[in-house]
Amino acid sequence: MAHENLSDLLRSLPGGSGAFGPMPALQLPHQHDPKYLAAENLVEKATSRLHDGDESRARRSVAQAAGLGWFDLEEVPYGVFVAQMVLFDEIVDSLETADPSEWAWRDACLALLANADDLEAAVLRDPLSSILQDYDLPKQQVRELRRAIGDADGTSLFGLNPQSSVEQVTAVLWAMVSLTTRLHERLHH
């Protein structure tokens, strides 16, 4: 059988991608880490509770996530890693679902930056810097955003290291969770 015919035969089998069928979704090693999964659960609870107006329960979830310890693989506390992804996803979801002429995500971020304390501003500048690096956005539309994020490069550790206290981690986590909630409210209500 000719090589072309064999390739066609393999592609035509159930699954369409060859003799072995479709490839399973790629899973990162940390997606099976119990502390990572706990951080996901606690950050989700915190944002949901804060969105519902239950700040005291949201703070308890944040404190629990802060106590999960240092995530060696990512070189950041577990809770901070997850909360940072949630904040990033909130911005990117709005960016990617919007019409290219709509800049609600940018306007909401700028409004939050204008009223943010130092820690919140640092937390928000990080994902914005990553977005500006990763997305090809119209230059005239991002000038104000570039000025607002300054020299942020998307890799800040917010002063955290493996010896950081639970209180320090909690402060960073709370800033991320509260910014995510406020951003969601601005974009969807």
Side-chain angles (χ1 to χ4, degrees), residues 28 30-31 33-97 104-132 134 145 148-150 152-189:
L28 301 173
H30 60 269
Q31 290 176 313
D33 182 331
K35 286 186 177 183
Y36 174 83
L37 296 173
E40 276 189 322
N41 182 42
L42 290 165
V43 168
E44 180 183 320
K45 283 181 181 179
T47 55
S48 177
R49 289 171 175 167
L50 190 56
H51 179 73
D52 292 341
D54 192 348
E55 185 176 326
S56 66
R57 290 183 70 205
R59 285 189 181 276
R60 282 197 297 272
S61 294
V62 164
Q64 288 176 309
L68 291 172
W70 189 257
F71 189 12
D72 288 326
L73 182 65
E74 296 295 336
E75 298 179 344
V76 67
Y78 279 95
V80 170
F81 178 72
V82 170
Q84 195 170 31
M85 288 191 321
V86 170
L87 177 59
F88 180 82
D89 288 348
E90 184 69 40
I91 299 167
V92 168
D93 288 349
S94 179
L95 181 156
E96 290 180 348
T97 59
W105 67 271
R106 183 202 62 185
D107 297 341
C109 290
L110 288 172
L112 288 175
L113 276 171
N115 297 313
D117 63 27
D118 290 342
L119 180 56
E120 289 175 335
V123 162
L124 189 53
R125 282 193 288 265
D126 229 37
L128 292 174
S129 174
S130 295
I131 288 167
L132 291 178
D134 295 345
L145 196 51
I149 65 169
D153 64 0
T155 61
S156 177
L157 293 178
F158 317 106
L160 300 175
N161 60 51
Q163 289 75 40
S164 294
S165 70
V166 172
E167 291 78 20
Q168 291 169 306
V169 176
T170 299
V172 172
L173 255 168
W174 182 254
M176 291 176 173
V177 167
S178 62
L179 281 168
T180 301
T181 302
R182 288 184 297 190
L183 184 61
H184 183 82
E185 290 169 359
R186 283 186 172 273
L187 292 170
H188 302 288
H189 293 111

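Note that these values count all heavy atoms, side chains included, but never hydrogens, waters or copies made by symmetry.
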Quiz item: Just wondering, more than 12 heavy atoms not from Glu44 lying within 6.0 Å of its CD?
Solution: no

Practice problem: Please examine the side chains of Leu173 and Val43, heavy atoms only from C-beta on, and report whether any two atoms are closer than 4.5 Å. | Solution: yes

Practice problem: Output, in order, the C-alpha distance, side-chain angles, deciding distance and verdict of side chain to side chain contact (heavy atoms under 4.5 Å, CB included) for Val86 and Glu90. | Solution: CA-CA 6 Å; Val86 170; Glu90 184 69 40; 5.7 Å; no

Quiz prompt | Under 3.5 Å donor-acceptor, Ser129 side chain and Arg125 backbone | solution = no

Quiz item: Side-chain contact, heavy-atom cut-off 4.5 Å: Arg186 with Arg182?
Solution: no

Quiz item: Can you tell me how far CG of Leu119 sits from CG of Leu124, rounded to the nearest 0.5 angstrom?
Solution: 11.0 Å

Quiz item: Considering only heavy atoms from C-beta outward, does the side chain of Glu120 approach that of Ser178 to under 4.5 Å?
Solution: yes

Quiz prompt | Spacing of Leu50 atom CG and Arg57 atom CZ [to the nearest 0.5 Å] | solution = 12.5 Å

Quiz item: side chain to side chain contact (heavy atoms under 4.5 Å, CB included) between Ile91 and Leu187: does it pass, once the steps are laid out?
Solution: CA-CA 9 Å; Ile91 299 167; Leu187 292 170; over 6 Å; no

Quiz item: Can you list every ring pair (Phe, Tyr, Trp, His ring centres under 6.0 Å) pair that touches residues 41-66, not counting sequence neighbours?
Solution: His51-His184, His51-His189

Self-check item: For the student: nearest non-hydrogen atoms of Ala46 and Ala58, plus distance
Solution: O-CB, 3.4 Å

Exercise. Give a yes or no on this: more than 12 heavy atoms of other residues, nucleotides or ligands lie within 6.0 Å of atom CD of Glu75.
Key: no

Practice problem: To the nearest 0.5 angstrom, please state how far the CG atom of Leu95 sits from the CG atom of Leu128. | Solution: 10.0 Å

Quiz item: So do the side chains of Trp174 and Glu55 get within less than 4.5 Å of each other, counting heavy atoms only?
Solution: yes

Quiz prompt | Shortest non-hydrogen contact between Phe158 and Val123, atoms and distance | solution = CE2-CA, 3.6 Å

Quiz prompt | Ser130 vs Asp126 side-chain heavy atoms within contact, under 4.5 Å | solution = no

Self-check item: Within 6.0 angstrom of Asp117 CG, more than 12 heavy atoms from elsewhere
Solution: yes

Quiz prompt | Nearest-0.5 Å distance, OG1 of residue Thr155 to CG of residue Leu157 | solution = 7.0 Å

Practice problem: Indicate the atoms forming the closest heavy-atom contact of Ala63 with Val166, along with that distance. | Solution: O-CG1, 4.5 Å

Quiz item: Which heavy atom of Val169 sits nearest a heavy atom of Val80, and at what distance?
Solution: CG1-CG2, 3.9 Å

Practice problem: Check Thr47 against Thr181 and note the closest heavy-atom contact, atom names and distance. | Solution: O-OG1, 3.7 Å

Quiz item: Can you list the steps and then say if Val92 with Trp105 is a side chain to side chain contact (heavy atoms under 4.5 Å, CB included)?
Solution: CA-CA 8 Å; Val92 168; Trp105 67 271; over 6 Å; no

Exercise. Drop me the distance from Trp70's CH2 to Gln163's CD, to the nearest 0.5 angstrom.
Key: 8.5 Å

Practice problem: Compare every heavy atom of Ser156 with every heavy atom of Asp153, then report the nearest pair and how far apart it is. | Solution: OD1-N, 4.2 Å

Quiz item: Is there a side-chain contact between Asp54 and Ser56 (heavy atoms, below 4.5 Å)?
Solution: yes

Quiz item: Say you draw a straight line from CG of Leu145 to CG of Leu132; how long is it, rounded to the nearest 0.5 Å?
Solution: 5.0 Å

Quiz item: Are any of the side-chain heavy atoms of Leu68 and Phe81 separated by less than 4.5 Å?
Solution: no

Quiz item: Can you find a pair of side-chain heavy atoms, one from Leu73 and one from Tyr36, that are under 4.5 Å apart?
Solution: no

